[in-house]
Asker: 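There's a structure below that I have some questions on.
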Amino acid sequence: MLLTTFLAESIKSGKITVNQNNIEALEITAQDKKIDVNAKDKEFIKEIIINSVRKDDDTAQKGVIGTIERGVAGLRTVRNVQPMIKEIADDLQREGLTVTISFKGDTVITMGSEASSKFTRLLLGTKSVEINSIRKIVELGL
């Protein structure tokens, strides 16, 4: 069992709110083997993503070339993270757990037992991940 599913299995119910600079950024709700991570602040999510793909040489100050380099680094990161996402989603499904990622209350991605998508099965090789709203993914800038 992965740490993710251990945590999901351990948390029975509750709600956590994460604030950044007195602005509500995330709301995490758990209940009945379901966890919803609701992003409230798009800039907070973008900051997390940018910091996860930023190199030590900080391409942010290199203009257009830096933007292209960050884009390529982001694609490489997604490709490298894909097996981990698949493993987490499959483990969640085996354990009968569901994690949803939402943006302002609208479900964007479902992972685990309640996910079902032919599109992501072809894309990721698993039926444990469902993209619920491509429009919201684009709105988040992912």
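Note that the structure is a prediction, hence the values are computed from the model and not measured. Heads up: numbering here begins at 1 and tracks the sequence.
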Asker: Kindly list each side-chain donor-acceptor pair under 3.5 angstrom involving residues 17-32, sequence neighbours excluded, with atom names and distances?
Answerer:
from: Asn19; atom 1: OD1; to: Glu24; atom 2: N; distance (Å): 3.4
from: Gln20; atom 1: NE2; to: Glu47; atom 2: OE2; distance (Å): 3.4
from: Glu27; atom 1: OE2; to: Lys15; atom 2: NZ; distance (Å): 3.4

Asker: With Glu130, which residues qualify under salt bridge (Lys or Arg N to Asp or Glu O under 4.0 Å), at least two apart?
Answerer: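 Testing Glu130 for salt bridge (Lys or Arg N to Asp or Glu O under 4.0 Å), a comparison that skips the adjacent residues, returns none.
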Asker: Looking only at non-hydrogen atoms, find the nearest pair between Thr100 and Asp36 and report the distance.
Answerer: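 Taking every non-hydrogen atom into account, OG1-OD1, 2.6 Å.
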Asker: Of all the heavy-atom pairs spanning Lys104 and Asn38, show the shortest one and how long it is.
Answerer: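 Closest approach of Lys104 to Asn38: N-OD1, 3.1 Å.
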Asker: Got a second to check how far Ile134's CD1 is from Ile109's CD1, nearest 0.5 Å?
Answerer: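 Those atoms lie 10.0 Å apart.
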Asker: Using a 3.5 Å distance criterion without hydrogens, assess whether the side chain of Thr107 forms a donor-acceptor pair with backbone atoms of Asn132.
Answerer: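 Here the side-chain-to-backbone pair does not exist.
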Asker: Any chance you could measure Leu92, atom CG, to Glu114, atom CD, to the nearest 0.5 Å?
Answerer: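 Going from the CG atom of Leu92 to the CD atom of Glu114 covers 11.5 Å.
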Asker: I need the Thr110 OG1 to Lys34 NZ distance, nearest 0.5 Å.
Answerer: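 Thr110 atom OG1 to Lys34 atom NZ measures 8.5 Å (nearest 0.5 Å).
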Asker: Between atom CD1 of Ile88 and atom OG1 of Thr126, what is the distance when rounded to the nearest 0.5 Å?
Answerer: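 So the CD1 of Ile88 and the OG1 of Thr126 are separated by 12.0 Å.
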Asker: To the nearest 0.5 angstrom, please state how far the CG atom of Asp90 sits from the CD atom of Glu95.
Answerer: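 Spacing of CG (Asp90) from CD (Glu95) equals 12.0 Å.
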Asker: Which atom names give the shortest non-hydrogen contact between Ser128 and Ala115, and what distance separates them?
Answerer: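 The pair with the smallest heavy-atom distance is O-CB, 3.3 Å.
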